[in-house]
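In what follows, a structure is listed as structure tokens, so that the remarks can point back to it.
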Amino acid sequence: MNPLLGQTVPLVPPLYQSSVYTLPDLDALDAVYAGEPGFIYARDGHPNARMLGEQIACLESASWAVVGGSGMSVIAATLLALVSRGDRILASRCLYGRTNQLLTQELPRFGVETELVDCTDLAAVAGALEIPAKLMVVETMSNPLLRVCDVDELASLCRRRGCLTVVDNTFATPMLCRPLERGADLVVESVTKLLGGHGDVTLGAVCGRTLPVEPFAQAISIWGLMGSPFECWLASRGLATLALRVERGSSNAAALAEWLPAQPGVGRVIYPGRTDHPDHATAQRQFTGGFGTMLCFELAGGRDAVNRFLRAAPDVPFSPSLGDVRTTCSYPAATSHRYLPPAERERQGIGPGLLRLSVGIEPLEQIQRAICRGLSAAAS
Ligand SMILES: *Cc1c(COP(=O)(O)O)cnc(C)c1O
């Protein structure tokens, strides 16, 4: 029995804000090293990371989830756990910018080369797999144009070639898609985004089902990539409302995707729930419970119109992240895709009028009013 609490147990899991644990004797130390419950040093593991990992594993249909101090930290840990000098990686051409840099700028220094492919072109992927690859990195839904990859097909192509499939599921979340159920080997999440959901933590998680957990937990510990107890505690609390937030955000986004094209000054609207989206059929087959909280639209009038929109719509804050309870907007041409040559940006369809919305859980009319104010200013 706990001497302080007696038979009572706090309803809310406590925050274990301790960097180290005490042990009664050497036998107890050996027992923890042998895998019995307990902790020694927080960089190796702590109760709040463990609890968060268990919550996320359950959502992703994983047998384990290892938490790290950011989305990038778990992507790094995944690569550190799996690749060695001389290995070849395949990766989607439209990955999150920092992931792309990690693969194409950092890993070559360690003798690991990455080939980029269009992962919505299965023939191209099959072709690239003719040369052996250790793993393939894709995103369920890409940024910002929300191209949806066919996880079932990609995972089965990779499996046949002995290549592991790593899916970054940040934009979809396990509410929409559980890649491990579709044959992927590993899932990574930026918990910073929708899983945390309140814009107050920077964390990540890597989840697996059949691969052993040890190399990933070890990479987190040895390379110093662990997340802090308080952030894990906050993320656990955020996760409690994930289903509600994604449901409401997705239904708001779907409504906006139908409403926006009729508004003055709005050009193309990009949303996987729209029948005119190139991957609508894949999204319909693969996603459960909606098409997500992300949406893009184009303003006629380019950058100047965007500036007028941003200044007139403070209730849709310009904030280059996503997944908050509030509706926020970002401008890919100057944030996530800033360092692409303008011609390449245009080729990818990221024009000077493109705005990306991360749709929150506010009443729909409130978001529409805020957007209307921005649109009237943009048109003036
Ligand atoms: C934000 C993001 C990441 C990186 O996550 P951090 O928590 O910022 O390190 C990785 N992938 C995607 C798709 C993201 O949106």
Side-chain angles (χ1 to χ4, degrees), residues 35 44-46 48-84 87 89-92 95-96 99 102-103 107 112 119 133-141 149 151-196 203-223 225-227 232 235-236 239 242 286:
D44 301 327
H46 54 76
N48 294 102
R50 178 74 59 82
M51 286 186 277
L52 178 61
E54 282 168 8
Q55 279 176 287
I56 294 173
C58 181
L59 290 168
E60 295 280 4
S61 295
S63 58
W64 55 263
V66 169
V67 169
S70 65
M72 286 317 299
S73 86
V74 294
I75 294 171
T78 301
L79 297 170
L80 289 164
L82 295 175
V83 300
S84 306
D87 281 340
I89 294 177
L90 289 182
S92 160
L95 286 181
Y96 181 70
T99 311
L102 175 56
L103 292 167
L107 287 190
V112 175
C119 66
K134 182 81 187 191
L135 57 92
M136 173 153 189
V137 185
V138 301
E139 288 169 4
T140 333
M141 220 185 322
C149 75
V151 178
D152 303 75
E153 288 293 338
L154 288 173
S156 90
L157 278 176
C158 286
R159 176 137 311 173
R160 262 178 270 152
R161 292 287 174 175
C163 169
L164 297 171
T165 313
V166 181
V167 180
D168 181 335
N169 200 36
T170 301
F171 272 45
T173 82
M175 294 299 117
L176 260 60
C177 183
R178 287 165 299 284
L180 296 174
E181 291 176 1
R182 300 181 168 277
D185 296 286
L186 292 159
V187 165
V188 293
E189 291 275 0
S190 170
V191 176
T192 312
K193 314 292 168 55
L194 281 132
L195 299 201
L203 286 174
V206 51
C207 316
R209 199 175 206 180
T210 50
L211 292 175
V213 62
E214 287 77 13
F216 302 91
Q218 188 169 319
I220 291 283
S221 173
I222 293 179
W223 293 83
L225 302 170
M226 179 50 85
C232 292
S236 285
L239 269 186
L242 177 68
Q286 191 162 270

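In this chain, numbering begins with 1 at the start of the sequence shown.
- Judged by distance alone, the side chain of E139 and the main-chain N or O of Y96 form a donor-acceptor pair under 3.5 Å.
- At least one donor-acceptor pair closer than 3.5 Å links the side chain of R209 to the backbone N or O of L180.
- Side-chain contact between L52 and L203 is present, with heavy atoms from C-beta onward closer than 4.5 Å.
- Side-chain contact check for I89 versus L107: some heavy-atom pair is nearer than 4.5 Å.
- Applying the side-chain contact (heavy atoms from CB on, under 4.5 Å) criterion to S190, with sequence neighbours excluded, gives T170, T192, K193.
- In this structure, W64 contributes its side chain and E214 its backbone to no donor-acceptor pair below 3.5 Å.
- For Q286 (side chain) and V151 (main-chain N/O), a donor-acceptor pair under 3.5 Å exists by modelled atom type.
- Contact check for L186 versus L135: no side-chain heavy atoms found under the 4.5 Å cut-off.
- One N or O on the side chain of R178 and one on the backbone of P174 form a donor-acceptor pair closer than 3.5 Å.
- One finds the OG atom of S61 at 11.0 Å from the CZ atom of R182 (value rounded to the nearest 0.5 Å).
- Two residues are said to be in side-chain contact when any heavy atoms from C-beta on lie closer than 4.5 Å; L79 and V112 fail this criterion.
- Nearest heavy-atom pair, A219 versus L225, reported as atom, atom and distance to 0.1 Å: O-CD1, 4.1 Å.
- Here the side chain of N169 pairs a donor or acceptor atom with the backbone of C177 at under 3.5 angstrom.
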